[in-house]
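One structure below.
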Amino acid sequence: MDASLINTFAAYGGAVGQRVAGASEAAKLGAVAVVVRSMASNNDDIPHTGTLHYEEGVKAIPAVAISTNSADLLSKAVADDASLKLYVETHCKTLPDVLSYNVIGEMYGSGNTDEYIVVGGHLDSWDLGDGSHDDGAGCVQSIEVLRILKGLKYTPQKNIRAVMYMNEENGLRGGLKYAELASFNKEKHIAAIESDRGGFTPKGFTISGSEAARTSLMSWKHLFEPYTIYDFGKEGGGADIGPLKDQGTALIGFLPDSQRYFNYHHTGIDTFDKIDKRELELGAASMAALVYLIDKYGIDGNP
Ligand SMILES: [Zn+2]
């Protein structure tokens, strides 16, 4: 990952193809296995897992990810001795699918409305850690948004849902099913906010939607700036809310500080002790504020 990029998600985007497509690309050149340098912002001894896609018609060879320290060591050893042999043993396997569910909490709008605002994260995680940042944080923040609004005794005009999507990491089936049912039930989703970039200090919100929706979001930027939340309007939403795009929903991504996310992402150390309670709460509060603004003033120019 390119350490010169301040936005670690951009660095991840530039490197992750090596993991996703590396096995098939290597197999085309005759490789018997592939060893991937973990997608990480730091140097340590922790391997990072994640999606790998085998191309159809290409031999599916074994693939492993090793830590950044191990990768540096291995690269040096290969450079020093071209005849070096590497023994790879892996016991990974894909188990059969099981039935699972999205989990949804809802505050009913007072406005006798079929309009919805969704705030969500995803319940599943890669199984070697407990997925506290990816994406336990997003789930807890989504619940917290409803709790804050209730705590303030705020009665929303629109229906507000906290949605914990299932299966983001391995197929997006929760997000796809949610959008399918939303259309089937004629629920008009005016905005969806996703928190899936870790439970770190809030910095802003991305948006993917109409120009009018972007204009609405930008008009609220000054309300967040006193809290050092200033990064507004970059293109982007979230994986789970993405399928709502067909409805014309304004898709909004919660954007926290990204410097430490890829130290933990998809590892055995993405655990609860890595969550800072205050940072998590600041993020939830910023999301609650945005939900309030959308509920009160609308987004897309139609209140
Ligand atoms: Zn995630």
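What's counted below: heavy atoms across the whole structure, side chains too, no hydrogens, waters or symmetry copies. As the structure lists them, so they are numbered: ligands from 1, and atoms in each ligand from 1.
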Which residue pairs satisfy the side chain to side chain donor-acceptor pair (under 3.5 Å) criterion with at least one member in residues 57-68, sequence neighbours excluded? Ser67-Ser70
Just grab all the side chain to side chain donor-acceptor pair (under 3.5 Å) pairs involving residues 93-102, residues at least two apart or on different chains. Asp97-Arg173
Could you grab the protein N, O or S atoms closer than 2.8 Å to the Zn ion (ligand 1) for me? His122 NE2, Asp134 OD1, Asp196 OD1, Asp196 OD2
Just jot down the side-chain contact (heavy atoms from CB on, under 4.5 Å) partners of Asn159, sequence neighbours excluded, or say none. Glu106, Tyr108, Thr113, Tyr116
Using a distance-only test with no angle check, is there a side-chain donor-acceptor pair under 3.5 angstrom linking Asn43 and Asp72? yes
Report yes or no: do Asp124 and Asn167 form a side-chain donor-acceptor pair below 3.5 Å? no
Establish, for the pair Arg197 and Phe9, whether the NZ or CZ atom is under 6.0 angstrom from the six-membered ring centre and no further than 45 degrees off its axis. yes
